Amino acid sequence: QDMLMINDEVICTKKCKELILKSAGITSQRLLILLNAVHSSQYLEVLDLSENAIKDSGVKHLTSILNELAVKTLDLSSCEISDQGAIYLA
């Protein structure tokens, strides 16, 4: 429910500059919904996904569109990411 609301808001406005979702219960599956919303956003500069269960699979999804975004600050601290997930970000 909450992810759909965030999705609708970001899709409708497309001008969201900061998205702070610390400890929001986001899993790699929910991250896919979010990534569909922010895909090709020219405005999103800060994305805080810290303290969520993103894991390596979520990082892999994220990196597939990261270069299409204008994100300057990305927080993935405490997201259950292993060394393999860090390699995806490199």
Side-chain angles (χ1 to χ4, degrees):
Q1 180 81 7
D2 291 338
M3 288 306 297
L4 292 176
M5 182 181 68
I6 291 168
N7 192 23
D8 290 343
E9 182 64 24
V10 174
I11 286 175
C12 289
T13 65
K14 292 277 187 182
K15 294 184 180 179
C16 179
K17 288 188 177 188
E18 288 189 10
L19 197 52
I20 310 299
L21 297 170
K22 181 177 182 176
S23 297
I26 297 173
T27 62
S28 61
Q29 284 298 104
R30 290 179 178 173
L31 182 61
L32 285 173
I33 296 169
L34 176 65
L35 293 177
N36 284 329
V38 299
H39 181 68
S40 300
S41 172
Q42 299 172 352
Y43 299 98
L44 186 62
E45 296 178 0
V46 176
L47 180 57
D48 182 350
L49 298 169
S50 61
E51 299 180 18
N52 287 288
I54 302 295
K55 301 185 180 182
D56 295 343
S57 57
V59 172
K60 189 172 184 179
H61 297 308
L62 179 62
T63 56
S64 70
I65 71 152
L66 200 55
N67 59 352
E68 299 175 27
L69 303 175
V71 172
K72 296 177 184 171
T73 303
L74 174 63
D75 190 345
L76 295 173
S77 58
S78 300
C79 285
E80 301 177 27
I81 300 169
S82 72
D83 290 343
Q84 181 61 46
I87 289 171
Y88 295 139
L89 291 168

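Just so it is clear, the model here is predicted, and its values are computed rather than measured.
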Name each donor-acceptor pair under 3.5 Å that joins a side chain in residues 82-90 to protein atoms two or more places apart or in another chain, with its distance.
{"residue": "Ser82", "atom": "OG", "partner": "Asp56", "partner atom": "OD1", "Å": "3.2"}
{"residue": "Ser82", "atom": "OG", "partner": "Asp56", "partner atom": "OD2", "Å": "2.5"}
{"residue": "Ser82", "atom": "OG", "partner": "Gln84", "partner atom": "N", "Å": "3.2"}

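Residues passing the side-chain contact (heavy atoms from CB on, under 4.5 Å) test with Ala53, sequence neighbours excluded: Lys55, Glu80. A search for side-chain contact (heavy atoms from CB on, under 4.5 Å) contacts involving Thr27 returns Gln29, Arg30, not counting sequence neighbours. Shown here are the side chain to side chain donor-acceptor pair (under 3.5 Å) partners of Ser23, two or more places apart in sequence or in another chain: Glu51. By the side-chain contact (heavy atoms from CB on, under 4.5 Å) test, Ser50 pairs with Lys22, Asp48, Asp75, Ser77, sequence neighbours left out. With sequence neighbours left out, the salt bridge (Lys or Arg N to Asp or Glu O under 4.0 Å) criterion links Glu18 to no other residue.
Between Asn52 and Gly25, the closest heavy-atom pair is OD1-N, 2.9 Å. Considering all non-hydrogen atoms of both residues, Gly58 and Leu31 come closest at O-CD2, 3.2 Å.
Put simply, CG on Leu21 and CD1 on Ile54 are 9.0 Å apart, with the number rounded to the nearest 0.5 Å. Distance CG/Asn36 to CD1/Ile33: 8.0 Å, rounded to 0.5 Å. Note that the CG atom of Leu35 and the CD atom of Glu68 stand 10.5 Å from one another [nearest 0.5 Å].
Paired with Val71 under the rule side-chain contact (heavy atoms from CB on, under 4.5 Å), one option of Leu44, Leu62, Leu19 passes, and it is Leu44.
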Check the pair Leu66 / Leu74 against side-chain contact (heavy atoms from CB on, under 4.5 Å), numbers first and verdict last. CA-CA 10 Å; Leu66 200 55; Leu74 174 63; 4.1 Å; yes
